[in-house]
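Accompanying notes for the structure given below.
If you're wondering where the values come from, they're calculated on a predicted model, not measured in any experiment. If you read the sequence from its start, that first residue is 1, and numbering goes on from there.
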Amino acid sequence: IMAMKLLLFFILIFSSFGALAEGFKVVTFNVYMKPEIGNVSFPTQRMKANWHVLKNKSHKHNNDWDVVLLQEVWTIGARKILKDCSYQYSVDIGQGHWNASEAGKHQNEDSTPVPDGHGQELNLDSGLLILSRFPVLKALRYLFKSDGHLTSVFKDGERLVNKSVYLAQLQLNNREKIWIANTHLIANYCGNAKGGECESYEDVRSKQLLEMKSVFDKYVGDAPLVFAGEFNTGEHPNSKERSWYVLNELFPDFSQAPYNGLTVSTSSPTNYFKTGLEERGKVDHIFASDDFVIRQGGLAFEKKFKTENGTEINYSDHYGWQSTVVLK
C-alpha cells in the first residue's frame, strides 16, 4: 500500500510539472493576397486552398497550429475568409478610412499604438492578421513612422500601405499570460534588380526594428514574448544585410528554433511564383524570449495543390515557418 501511495505521489508531481510547461504551436505565413487585375497569381483559388488547410485539422498540410500569424492579407474579402477558419479569436485592428492619395499620412503621426475598438482593416492597410485558439486579453497596433520613399510610390507601392506591428496578450490553457507579435517589415527591392539601381531599404527596415523594440519595451516589458512575421532579412548571403545585424543586436536574448541558414528557405526559386528569381533564404522568422524553449522549427505551406485547371501551384509566393514554443 505504501508503495502504491509513493507511486501515485510521483505521478501527481510529474503531472503537475507537465501542466506547468505550457507548449503551443505557432506558424507565420505571408499569404500573398493583394488586389489584382486578372488572375495571374490565382488569388481566389489560393485563398480557398489556404482556408481549407487552416479550417481542417485533418488536412495533410495542417500541423494543428495554436496561433497563426498572417501577412499580406491585403483585402477585406480575404480577411473575412481567413477569420472563418475555426479559430475562436482573431486580432484585426484598422487604422481608419485612409486614402492612398494622402501623401502626408505619416507626417506628424501620433506614435501611440491604436487600441481595440477602432474598426477592422480595410483594403491595403497593414495586411496583418492574428488567429488564435487562446483568448486575447489585450491587443494593440503600432503604425511604423519609418516608411518607403514617396518618390518610389509607383515603383514599390510601400507608401500605399501601412506597415505595422500587431501586439496581443494571450492567456494560455494553464492561465499563464504571454505576448505575441506579428509584423511585416519593408521589403528589399535589390533582388534580381537590373541596371544597378535598386532600393534595399535596409536603413528603413532597421528603423522599423528600433520602433518595434520601443513598443515591446513599453507594453510588454519583461513578460514572455514571441514575435514573428516577414522580416525581409535573414541569414542567407542574399538577404543578410544591416537590418539583420540590428535585429540580433536589439534582441540578444531571443532565439529561434534551430535551422540551417544556408539551406532552409521561405523565399525560394523552387516556389511556383518565384521561378527565375534569386534564392533569398529564410526571411520569415519566429523569435521567442528566454522565457521559452523554442524548437521543432520547419517549413509550412511549402507543398503544392492543384488549381481548377490542373496546374500545380503553391499556396503563396512564400513558404511559411512554424515552431513549437514551451513556456518554462
Is any side-chain heavy atom of K240 closer than 4.5 Å to a side-chain heavy atom of E235?
yes
Could you pull out all residues at least two apart from S90 that satisfy side chain to side chain contact (heavy atoms under 4.5 Å, CB included)?
K83, L131
In the structure I gave you, are the side-chain heavy atoms of F287 and I294 within less than 4.5 Å of one another anywhere?
no
Can you check whether L299's main-chain N or O pairs, donor with acceptor, with Q322's side chain at less than 3.5 Å?
yes
Under the 3.5 angstrom rule, does the side chain of S132 hit a backbone N or O of Y89 as a donor-acceptor pair?
no
With sequence neighbours excluded, what pairs up with K48 under the salt bridge (Lys or Arg N to Asp or Glu O under 4.0 Å) test?
none
Pairing residues for R46 by the salt bridge (Lys or Arg N to Asp or Glu O under 4.0 Å) criterion, not counting sequence neighbours
none
Name all residues meeting the side chain to side chain donor-acceptor pair (under 3.5 Å) criterion together with S200; count only those two or more places apart in sequence or in a different chain, and write none if there are none.
E202
So, the side chain of D317 versus the backbone of F273: is there a donor-acceptor pair under 3.5 Å, distance only?
no
Can you tell me how far apart CG (L70) and OH (Y166) are? Round to the nearest 0.5 Å.
11.0 Å
Would you name the heavy atoms of T183 and Q71 that are closest together and state the gap between them?
O-CG, 3.7 Å
Judged by atom type as modelled, is there a donor-acceptor pair below 3.5 Å linking the side chain of T266 to the main-chain atoms of G320?
no
Result for side chain to side chain donor-acceptor pair (under 3.5 Å) between S265 and one of K282, K274, E279, R280 points to E279
For the backbone of Y32 and the side chain of N30, can you confirm whether one donor and one acceptor N or O come within less than 3.5 Å of each other?
yes
Please enumerate all residues that pass side chain to side chain donor-acceptor pair (under 3.5 Å) together with E302, with sequence neighbours excluded.
none
So F301 and N314, do their side chains get closer than 4.5 Å, heavy atoms only?
no
For the side chain of Y315 and the backbone of A300, is there at least one donor-acceptor N/O pair under 3.5 Å apart?
no
Take the angle between the ring planes of F134 and F24 and call it parallel below 30°, perpendicular above 60°, tilted in between.
perpendicular
Would you call Q256 and H285 a side-chain contact if the rule is heavy atoms closer than 4.5 Å?
yes
Can you see which heavy atom on S323 is nearest to which on A257, and at what distance?
OG-CB, 3.8 Å
Using the side chain to side chain contact (heavy atoms under 4.5 Å, CB included) criterion, which residues pair with H52? Sequence neighbours excluded.
N56, H59
Please name all residues satisfying salt bridge (Lys or Arg N to Asp or Glu O under 4.0 Å) with E241, sequence neighbours left out, ordered by chain then number.
R205
Going by the rule salt bridge (Lys or Arg N to Asp or Glu O under 4.0 Å), which residues pair with K304 if we only count those two or more places apart in sequence or in a different chain?
none
Are F144 and M212 close enough that some pair of their side-chain heavy atoms sits under 4.5 Å apart?
yes
Which is it for K213 and D217 under the salt bridge (Lys or Arg N to Asp or Glu O under 4.0 Å) test, yes or no, and what are the steps along the way?
CA-CA 6 Å; K213 176 65 162 55; D217 287 345; 3.0 Å; yes
Donor-acceptor contacts under 3.5 Å from residues 247-255 side chains, at least two apart:
unit_1, atom_1, unit_2, atom_2, d
N248, ND2, W244, O, 2.7

Without swapping roles, check the side chain of Q169 against the backbone of K177 for a donor-acceptor pair under 3.5 Å.
no
Between W321 and F231, is the ring centroid distance below 6.0 Å?
no
Do V226 and W179 come close enough that some side-chain heavy atom pair is under 4.5 Å?
no
If you look at every heavy atom in A181 and V165, which pair is closest and at what distance?
CB-CG2, 4.2 Å
Excluding sequence neighbours, so at least two apart, what forms ring-ring contact (aromatic ring centres under 6.0 Å, His included) with H236?
none
Distance only, no hydrogens: is a donor on one side chain within 3.5 Å (strictly under) of an acceptor on the other, for S243 and Y201?
no
Considering only heavy atoms from C-beta outward, does the side chain of V136 approach that of V91 to under 4.5 Å?
yes
Determine, using the 4.5 Å side-chain heavy-atom cutoff (strictly less than), whether L170 and V293 are members of one ILVMFWY cluster.
no
For the hydrophobic clusters of this structure (ILVMFWY residues joined by side-chain heavy atoms under 4.5 Å, transitively), does one cluster hold both L209 and V283?
no
Enter the distance from L140:CG to L167:CG here, rounded to the nearest 0.5 Å.
4.5 Å
Hey, what do you get for CG (D222) to CG (D291), rounding to the nearest 0.5 Å?
8.5 Å
If the test is side-chain contact (heavy atoms from CB on, under 4.5 Å), which one of V68, L69, D284, N50 qualifies with F29?
N50
Mind checking what makes side chain to side chain donor-acceptor pair (under 3.5 Å) contact with S214, not counting sequence neighbours?
none
Looking at G127, is its backbone amide N or carbonyl O close enough to the side chain of D125 to form a donor-acceptor pair, meaning the two atoms are under 3.5 Å apart?
no
What closest approach, in Å, do D84 and W51 show between heavy atoms, and which atom pair accounts for it?
O-NE1, 3.1 Å
N271 vs L277 side-chain heavy atoms within contact, under 4.5 Å
no
Please give me the minimum heavy-atom distance between M47 and I81, naming the atom from each residue.
CG-CD1, 3.7 Å
What are the two closest heavy atoms between D92 and Q120, and how far apart are they?
OD2-CB, 3.5 Å
Under a single-linkage definition using a 4.5 Å side-chain heavy-atom cutoff for Ile, Leu, Val, Met, Phe, Trp and Tyr, are V27 and V326 assigned to the same hydrophobic cluster?
no
To the nearest 0.5 angstrom, please state how far the CZ atom of F305 sits from the OH atom of Y272.
10.0 Å
Going from CD1 on I286 to OH on Y259, what distance comes out if it is rounded to the nearest 0.5 angstrom?
11.5 Å
Out of curiosity, E308 CD to K306 NZ, how far, rounded to the nearest 0.5 Å?
14.0 Å
Pair R141 + E121: basic N to acidic O under 4.0 Å
yes
S164 and N162: side-chain hydrogen bond (donor to acceptor under 3.5 Å, both in side chains), yes or no, with the steps?
CA-CA 6 Å; S164 304; N162 298 306; over 6 Å; no
Is there a path from L185 to Y245 through hydrophobic residues (I, L, V, M, F, W, Y) whose side chains come within less than 4.5 Å of each other?
no
Set of residues satisfying side chain to side chain contact (heavy atoms under 4.5 Å, CB included) with respect to K80, sequence neighbours excluded
I76
Strictly below 4.0 Å, N to O, side chains only: are K163 and E158 in salt-bridge contact?
yes
